Amino acid sequence: MSRASIFDLLHQRQSVAAPVEETAAARNDYDPDRLRLVDAVALTASGFVSAGVMPDEQAPGLSSTLCDPDGFPLLVHQIGDVMPVSEPRLGRFEAKAPRLHTLVQAIVVEALMMLEALPEDTGFDVVLTAPLKSPEAVGIVAEQLRAAIVETQYASVLGEIRHTVHGDDPHSTLAVGDGSGMPHVLWISADSLLNEEDVGALDHRGVLGRSSRGAGLYPGEAVAALLVQRLLPEDLAFDDGWRIDKGIVVEHQARSSRRDHARRQAMLELLADAWPPPSTSPQGIESSVPSGIVIDAMGLPGRAVEVGSALVERWPEIDMIEEGIGVDQFCGWPGEALTALMMALAIAPLASTESALVLGLEAETRSRVWALRSCAAEAAQPGDHS
């Protein structure tokens, strides 16, 4: 469906929507360790991602403006079909703010369309994750985002719009903290590394992919929008969506200092913690094998061997070519948009009863994992769904 036709549908819904008399009350007693992912969309250099829509992986192209430290044109993953959004004020405050604003505006219509799945009059907040440093730039981007929502029938159920710079962990990013929040939240996460400052940061860390050598991360850009439900302690079973429990984070010795066997064993332990065998799982995992696996940085040295050998040993039936996605190879390194994008990529090809695993292996001394459990599969099982 084209962007124009989506907007037309949204406009039609706005014109016939009954006025909303009251919105759902904000609360502050949500479970901090559980979320429910209802739906997700994303725009990447490989194309648009949504439920049942997965574009083919795209190779990086040579940049016409950026060079690597060796003086060669830099290989990048750039979104090519987005019209710039004119906002002259932004460029005066922050160099990459206009591009981030363009990416946010490019996804907002599709993000709002996901709200159609919610019961009428359901309140929602918006959390915007984007590496904007200037308060003035943050204010303009948030102001324009609010203006886009106010033009729709969802204006009366909009709660707060909050900005965060980092979005590593969905539970902390979407938490209400000492305040309160609506039951649902649109999490919009955008970043673009196609600028000299971010390229320099990747090079300083020693992870920049160059034309003269293959291993490394190639700068990219992406924007993802996730519709997430904050769960109350009494919320147990749902007919659809994916439950996201608190992620598992393990600090360890630098990957480059450990032998292959030690890395494989550590990865096997991490997989066992995140996805226990059905016989040992207190929650009754619906399947002993995840239907999809998303990994952040397969292109960094040693990562493919580390995760590949562990996955083959744990789940020999998994075909990583068919069921695995490496974000960096799929659409380039997306910066602060990484976590939200990984989850959008994880659920896009899944059936409602399938679950997925999300692995973060980019850091030298840290590994992260989230399990996205099918709510439909869990609801169909007898026993406790807590």
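Keep in mind it's a predicted model, so treat the numbers as computed, not measured.
Within a 6.0 Å radius of CD in Q265, more than 12 heavy atoms belonging to other residues, nucleotides or ligands are found. The number of heavy atoms from other shown groups lying within 6.0 Å of CG (D56) does not exceed 12. Counting heavy-atom neighbours within 6.0 Å of D29 CG, excluding the residue itself, gives a total above 12. Atom CD of E197 sits in a sparse spot, with 12 or fewer heavy atoms from other residues, nucleotides or ligands closer than 6.0 Å. Summarising the local packing, CD of E57 is surrounded by more than 12 heavy atoms from other residues, nucleotides or ligands at distances under 6.0 Å.
Atoms CG and SG, from L341 and C331 in turn, are 5.0 Å apart once rounded to the nearest 0.5 Å. The CZ atom of R264 sits 12.0 Å away from atom CD of E269, with the distance rounded to the nearest 0.5 Å.
Between Y154 and F124, the ring planes are perpendicular. Angles over 60° get that label, and only those under 30° would be called parallel.
Electrostatic pairing of D125 and R230 counts as a salt bridge here, judged by a charged N lying under 4.0 Å from a carboxylate O. Salt-bridge annotation for R36 and D240: present, with a side-chain N of the basic residue lying under 4.0 Å from a carboxylate O of the acidic one. Between D203 and R210, at least one side-chain nitrogen of the basic residue sits less than 4.0 Å from a carboxylate oxygen of the acidic one, meeting the salt-bridge criterion. With salt bridges taken as basic N to acidic carboxylate O contacts below 4.0 Å, one links R99 and E221.
Between D260 and S309 the shortest side-chain heavy-atom distance does not fall below 4.5 Å. Looking at heavy atoms from C-beta onward, P170 lies in side-chain contact with T339 at the 4.5 angstrom threshold. No side-chain heavy atom of V41 sits less than 4.5 Å from a side-chain heavy atom of L227.
Considering all non-hydrogen atoms of both residues, L193 and G335 come closest at CD1-CA, 3.6 Å.
Side chain to side chain, T129 and T164 meet the donor-acceptor criterion of an N or O pair below 3.5 Å.
Checked against V126 for a side chain to side chain contact (heavy atoms under 4.5 Å, CB included), the options L158, V185, V108 give a single hit: L158.
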